[in-house]
2 protein chains.
Amino acid sequence: MKRIQILKAGLKLFVTQGLHSVTIAQIAAEAKVGIGTVYRYFNSKEDIVQQIWVQQKSEESSYVFQDYAPLGTIREQFDFLWERVIRYFLEHPLEYQFSYQFAASPILTKEIHELAMKDFLQFDELYEKGLKKNLFKPLTARRLRLFTFSTINGWILWALDEKMVLDDTTITMFLQMSWDSISVA
Amino acid sequence: MKRIQILKAGLKLFVTQGLHSVTIAQIAAEAKVGIGTVYRYFNSKEDIVQQIWVQQKSEESSYVFQDYAPLGTIREQFDFLWERVIRYFLEHPLEYQFSYQFAASPILTKEIHELAMKDFLQFDELYEKGLKKNLFKPLTARRLRLFTFSTINGWILWALDEKMVLDDTTITMFLQMSWDSISVA
DNA sequence: AAAAACTGACGGAATATTCCGTCAGTTTTT
DNA sequence: AAAAACTGACGGAATATTCCGTCAGTTTTT
């Protein structure tokens, strides 16, 4: 419980103030917890960041894959999953910003990334199936997934930045754009 | 001269170690400059980051728009400019990572972003022309530009990460994907 | 030779981290 | 079943450590 409080507090502060200007004492205060307690659960500020990342990716994937069954056409599955990703981030702007800001941070090792990403590998199965049916441009499943993700990722960034209203029509168009970019003409 | 040395040193250290773990003394050492000298040119670490950003975007845009003349088809202009963007980043991985890592940082204010982005507005003219000819999906020029940029941005991230070999064929395909995502079917 | 630029040792403020007493809850003893 | 002993999470004061930013002395430029 306290551990989660600390993670949430850290996430909020890191996103709004930037890693370097957040002190452990601030995190403790925001989490309504003693400073010592922070050290009971974490070794350092970097450790907190790493654990937020893992926790975060885990929450994301639960949301995305909840009730997911790979039925229907590839396109339907594609839309189902990516729409979930989009909605998750739009509903959790703080978490999104954290995700964006730290994705390329040197604090997160390759090991942490792999650990955190393992739940997202289901995406690759989808792309594999699409490739077999010659729906996609000739890249590996992994690369197609990364491509779609980075597209969506950047798009959400400015959608939040410009406080765009994201109704169903907009999201549908966006999924169409993502699809068009990887599918064969 | 020393100012530029400091900016380059800061960029390198921030990217490889992360903002919070880089000290002014480290930057001074890397730049082969006294600590006091850093304070002669900059007020703080945050100030250094902001000035790196501005400097960086300025170098990028010089590279991208060098010898650019809006001739030929929209598609040709599109390819010309975005290929330049891609090549710039591929040739400057450190600069790319800096750009990626700090794009969403709370250190960079809206003012800094606007200042740094003003040289890239030429892109919007291109998109405006394309919109007039009904080549693109019905979004604003600004949004189409941001969309393409985020696509390319994310793509370069994993290209560098996976140490992909980026020959002309790959770049051509990639430009095709970016084009496909915004053009009308 | 005067002014400007530079250097890096140093003091002290800021911050991280440790350490220990407290106390609510649990287990053992009587 | 009451009392005593035990446990370990917790908080925050104390301490260790880092890091900033200044400034006296030095070098370079004009």
Side-chain angles (χ1 to χ4, degrees), chain A residues 1-56 58-59 94 97-98 101-102 104-109 111-112, chain B residues 1-56 58 94 97-98 101-102 105-109 111-112:
Chain A
M1 192 60 216
K2 303 240 167 187
R3 182 172 171 279
I4 297 292
Q5 275 168 247
I6 296 166
L7 291 175
K8 296 291 176 204
L11 188 145
K12 181 177 169 187
L13 292 174
F14 291 146
V15 166
T16 52
Q17 298 186 33
L19 182 60
H20 75 294
S21 75
V22 175
T23 67
I24 301 281
Q26 266 186 293
I27 295 174
E30 175 77 27
K32 295 192 205 305
V33 139
I35 291 170
T37 308
V38 174
Y39 282 94
R40 166 157 287 276
Y41 291 101
F42 306 96
N43 296 323
S44 63
K45 219 153 84 173
E46 305 209 347
D47 189 30
I48 297 175
V49 171
Q50 294 181 335
Q51 296 201 37
I52 294 173
W53 183 267
V54 172
Q55 170 71 19
Q56 204 39 54
S58 154
E59 287 186 19
L94 230 47
Q97 279 187 266
F98 180 85
Q101 264 185 61
F102 288 90
S105 162
I107 292 175
L108 299 175
T109 62
E111 289 70 42
I112 298 275
Chain B
M1 194 56 215
K2 303 235 168 189
R3 182 172 171 278
I4 297 293
Q5 276 169 249
I6 295 166
L7 291 176
K8 295 292 176 205
L11 188 146
K12 180 177 170 187
L13 292 172
F14 291 145
V15 166
T16 53
Q17 299 185 32
L19 181 61
H20 76 294
S21 75
V22 175
T23 66
I24 301 282
Q26 266 186 292
I27 295 174
E30 175 78 27
K32 297 193 205 304
V33 138
I35 293 169
T37 308
V38 175
Y39 283 95
R40 166 160 289 276
Y41 292 102
F42 306 96
N43 296 322
S44 65
K45 219 154 83 171
E46 305 208 348
D47 189 29
I48 297 175
V49 171
Q50 295 182 334
Q51 296 202 36
I52 294 173
W53 183 267
V54 172
Q55 171 70 18
Q56 205 38 55
S58 154
L94 230 48
Q97 279 186 269
F98 180 86
Q101 264 185 61
F102 288 91
S105 162
I107 292 176
L108 299 174
T109 61
E111 288 71 41
I112 297 276

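All heavy atoms count here, side chains included; hydrogens, waters and symmetry mates do not. Sequence lines set the chain letters: A, B, ... in the order given, protein chains first and strands last, and positions in each chain run from 1. The structure presented is a predicted model; accordingly, all values stated were derived computationally and were not measured.
- Among residues two or more places apart in sequence or in another chain, the side chain to side chain donor-acceptor pair (under 3.5 Å) test is passed with Gln51(B) by Arg3(B), Asp47(B).
- The structure places NE2 of His20(A) at 5.0 Å from CG of Leu19(B), a figure rounded to the nearest 0.5 Å.
- Every residue was checked against the side chain to side chain donor-acceptor pair (under 3.5 Å) condition with Lys45(B), not counting sequence neighbours, and none meets it.
- Under the side-chain contact (heavy atoms from CB on, under 4.5 Å) criterion, Ala25(A) pairs with Thr23(A), Ile35(A), not counting sequence neighbours.
- Stem analysis of DNA chain C (Watson-Crick or G-U pairs, both distances under 3.5 Å, runs of at least three) returns C:1-30 with D:1-30.
- Rounded to the nearest 0.5 angstrom, Ser105(A) OG and Gln97(B) CD are separated by 10.5 Å.
- Near DNA chain C, meaning a heavy atom under 4.0 Å away, the residues from residues 39-53 of chain B are Arg40(B), Tyr41(B).
- Under the side chain to side chain donor-acceptor pair (under 3.5 Å) criterion, Gln5(B) pairs with no residue at all, not counting sequence neighbours.
- Ile24(B) contributes atom CD1, which lies 4.0 Å from atom OH of Tyr39(B) (distance to the nearest 0.5 angstrom).
- For the atom pair Ile112(B) CD1 and Gln50(B) CD, the distance stands at 4.0 Å (nearest 0.5 Å).
- Within residues 21-31 of chain B, the residues that place at least one heavy atom under 4.0 Å from DNA chain D are, in residue-number order, Thr23(B), Ile24(B).
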Sequence neighbours excluded and cut-off under 3.5 Å, please list the side-chain donor-acceptor pairs for residues 8-15 of chain A, or say none.
{"from": "Lys8(A)", "atom 1": "NZ", "to": "Glu59(A)", "atom 2": "OE1", "distance (Å)": "3.4"}
{"from": "Lys8(A)", "atom 1": "NZ", "to": "Glu59(A)", "atom 2": "OE2", "distance (Å)": "3.2"}
{"from": "Lys12(A)", "atom 1": "NZ", "to": "Glu30(A)", "atom 2": "OE2", "distance (Å)": "3.3"}

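- The side chain to side chain donor-acceptor pair (under 3.5 Å) check on Gln56(B) picks up Tyr88(B), with sequence neighbours excluded.
- With contacts defined as side-chain heavy-atom distances shorter than 4.5 Å, the pair Gln26(A)/Ser21(A) does not qualify.
- Heavy-atom contacts of chain B under 4.0 Å fall on DNA chain C between two terminal nucleotides, which in 5' to 3' order are dA5(C) to dG8(C).
- In this view, Phe98(A) and Phe102(A) satisfy the ring-ring contact (aromatic ring centres under 6.0 Å, His included) rule, not counting sequence neighbours.
- A residue-by-residue look at Ile35(A) and Lys2(B) shows that Lys2(B) has its nearest nucleotide of DNA chain C further toward the 5' end.
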